[in-house]
Amino acid sequence: PRVGWFTVRQVDFGSEEYKADERRLIRRWRLEPSDPAAYARGELVTPVQPIVFYLDPGTPDEWAPYIRQGVEDWQPVFESAGFRDAIVVRDIPTPEEDPDFSLLDARYSVIRYVPTMVRSANAGGDVVDPRSGEVIRAHINMYHGLDERLRWWLVSQVATANPRFRTAQLTEEDMGEAIRYVISHEVAHAVGLPHNQMANFAFPVDSIRNPDFVERMGHSASSVGRTRYNYVAQPGDNVPPERRIGLWDKFAVMWGYRPIPEARTPYEELETLNEWIVERAHMPWYRSAEAQFGMDVEWDPKRMTEGISDDPVRAAEYGMRNLRYAAENLMDWVLSPGDDYYELETHHLQLLTQWNRYAEHAAAAVGGSWTHFKRHGEEGWVFTPIEREYQLTAMRFLDEHVLQTPTWALQIDQLRRLEHAGAVERIRAYQELAVQRFLNHARLARMIEHEAFHGDETYRPADMLDDVREMVWREVRSRSAADTYRRNLQR
């Protein structure tokens with residue numbers, strides 16, 4: 001769990017522990033050095049059998065090079081485990097070369113292009129030996145509708161800082177690079193790595209606004225963390241928007257794939273494996289944690305999807321700046337003469353989705369804890385309550401950007417081209433979610449426990465409820481009129 005891996009689970013009824021002892025084996029491919037002597041000298045060697053993916057011949061010609069690159073981006077990663085050319089892409093053999101070859105054969109790993117409207121890609125259908133965790137075959141699907149989702153992300157997150165994305169029709173190169181990132185993400189799953197949300201929150205906000213830093217390190221420590229693009233970057237930062245493989249990816253692959261020849265059994269590997277973790281434990285870009293989904297379990301902002309930086313609330317502030325600018329200019333960016341308003345509608349709805357994500361990130365800090373997985377012998381707590389001042393910062397963000405009427409999303413010239421009614425109800429629904437987060441029973445229970453242990457050092461639940469009351473009923477104190485949106489919020 002401290003590194004982050006897909007596993008197979010077994011119950012060892014022959015264990016000497018006085019329990020039904022569960023053990024977990026990581027899911028990995030069989031990579032063995034073709035030259036053990038050279039490998040032992042520290043030289044890079046090819047594996048006896050590399051990981052081979054076959055490219056679906058139905059893949060559009062313009063995307064095939066980017067899909068190949070998304071796979072081969074992992075070749076330098078496997079060098080951290082001592083292997084050269086450990087993962088490759090091949091065209092399917094011709095009937096003359098192999099008359100029995102089939103993309104449906106369970107022995108072959110395939111990147112399949114699927115002509116459906118699904119706006120996604122996934123890795124699945126793996127064949128894994130349950131006795132050892134050895135991956136026999138992996139499968140990646142790229143659905144045709146993915147292109148549209150990539151455009152939504154690029155416009156809502158980075159078009160403000162990158163003018164070339166202010167369009168409904170990306171260049172072939174820009175779309176290709178976006179597809180390359182998605183494929184590299186899915187390849188991570190195929191080689192054994194799950195989503196690592198914590199890797200997205202490794203780098204300081206100022207660093208991911210620095211083009212030199214981002215050029216070297218990327219804006220996240222992993223390509224498989226479930227975030228998309230650098231929404232922190234502002235106009236003039238000149239930060240490259242592309243995702244890339246990061247420090248955690250290299251560490252996780254090294255940890256999982258580097259042979260430990262002196263160990264004769266898996267249990268004899270444990271000391272070395274533990275050392276590799278502990279010696280890096282003080283560096284946040286080498287940590288891992290799964291995502292949190294649902295109000296009851298959203299209590300660590302650095303375990304949320306779709307977020308970046310070591311300061312999620314400050315990052316969300318920058319994201320809101322970009323969101324407002326995108327909303328004001330959306331018609332100019334995505335419409336051409338003669339278009340219907342489909343592009344305007346879908347991008348407008350994506351902006352609201354992005355807004356709600358920022359609200360989720362900030363809300364997770366209220367009554368939350370920071371996570372740092374450890375084992376006995378490592379100093380410090382696994383779960384540390386979030387500092388009171390940071391919780392108050394999150395509350396101020398939620399007041400300003402979520403509870404107050406989002407006028408940026410209510411531009412009548414856009415809305416009346418899309419619908420005769422609906423905007424008031426959408427805003428009500430999103431703001432209702434915000435109030436539900438404040439009043440969630442699990443959040444209040446966590447805050448009660450923090451107060452019981454830490455007293456006035458923490459943000460107390462009674463103080464939070466007082467603050468929410470002040471935010472929601474501001475018009476009563478100021479004796480000012482409440483508009484439709486505020487009345488809905490108050491109800």
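Throughout, residue positions are numbered sequentially from 1 according to the sequence presented.
- Aromatic ring pairs are classed by plane angle as parallel below 30°, tilted from 30° to 60° and perpendicular above 60°; the pair Tyr54 and Tyr108 is perpendicular.
- Rounding to the nearest 0.5 angstrom, the gap separating the OG1 atom in Thr167 from the CZ atom in Arg151 is 8.5 Å.
- Side-chain atoms of Gln391 and Arg388 include no donor-acceptor pair closer than 3.5 Å.
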Using a 3.5 Å cut-off and no angle test, enumerate the donor-acceptor pairs between side-chain atoms of residues 6-13 and protein atoms at least two apart in sequence or in another chain.
residue : atom : partner : partner atom : Å
Thr7    : OG1  : Arg24   : NE           : 3.3
Arg9    : NH1  : Glu22   : OE1          : 2.8
Gln10   : OE1  : Arg23   : NE           : 2.8
Gln10   : OE1  : Arg23   : NH2          : 3.1
Gln10   : NE2  : Pro130  : O            : 2.9
Gln10   : NE2  : Arg131  : O            : 3.1
Asp12   : OD1  : Gly14   : N            : 2.9
Asp12   : OD1  : Ser15   : N            : 3.3

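- For Tyr66, there are no side-chain hydrogen bond (donor to acceptor under 3.5 Å, both in side chains) partners, not counting sequence neighbours.
- No hydrogens or angles considered: a donor-acceptor pair under 3.5 Å links the side chains of Thr171 and Asp174.
- Expressed to the nearest 0.5 Å, how far CD1 of Ile277 lies from CZ of Phe251 amounts to 5.5 Å.
- Residues Trp299 and Ile386 approach most closely at O-CD1, 4.3 Å, considering heavy atoms.
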For residues 366-374, tabulate all N or O donor-acceptor pairs below 3.5 Å that involve a side-chain atom, not counting sequence neighbours.
residue : atom : partner : partner atom : Å
Trp370  : NE1  : Glu387  : OE1          : 3.1
Thr371  : OG1  : Asp300  : OD2          : 2.8
Thr371  : OG1  : Arg303  : NH1          : 3.3
His372  : NE2  : Ala281  : O            : 3.4
His372  : NE2  : Arg287  : NE           : 3.4
Lys374  : NZ   : Glu379  : O            : 2.5

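- In this structure the side chain of Trp285 never reaches within 4.5 angstrom of the side chain of Arg280, judged on heavy atoms.
- Relative ring orientation between His195 and His185 is described as tilted, the plane-to-plane angle lying within the 30° to 60° band.
- One side chain, Tyr358 or Gln354, offers a donor N or O that lies under 3.5 Å from an acceptor on the other.
- Between Pro57 and Leu103, the closest side-chain pair of non-hydrogen atoms falls below 4.5 Å.
- Between the side chains of Asn230 and Arg209, not a single donor N or O lies within less than 3.5 Å of an accepting N or O.
- Here Glu43 pairs with Arg41 in a salt bridge; the nearest charged N to carboxylate O distance falls below 4.0 Å.
- Taking each heavy atom of Ala362 and Val313 in turn, the nearest pair found is CA-CG2, 4.2 Å.
- Applying the salt bridge (Lys or Arg N to Asp or Glu O under 4.0 Å) test to Glu79 and every residue at least two apart in sequence or in another chain returns nothing.
- The CD1 atom of Ile179 sits 4.5 Å away from atom CG of Asp147, with the distance rounded to the nearest 0.5 Å.
- Classification of the His144-Tyr113 ring pair by plane angle, with boundaries at 30° and 60°, yields perpendicular.
- The aromatic rings of Trp255 and Trp5 sit tilted relative to each other, their planes meeting at an angle between 30° and 60°.
- When side chains are defined from C-beta on, Gln157 does not count as touching Asn322, because their heavy atoms never get closer than 4.5 Å.
- Relative ring orientation between His401 and Phe397 is described as tilted, the plane-to-plane angle lying within the 30° to 60° band.
- Residues passing the side-chain hydrogen bond (donor to acceptor under 3.5 Å, both in side chains) test with Glu457, sequence neighbours excluded: none.
- Residue Arg244 is tested with Glu215, His219, Arg180 for a side-chain contact (heavy atoms from CB on, under 4.5 Å); the sole match is Glu215.
- Evaluation of the side chain to side chain contact (heavy atoms under 4.5 Å, CB included) rule for Arg321 yields Gln234, Tyr318 as partners, not counting sequence neighbours.
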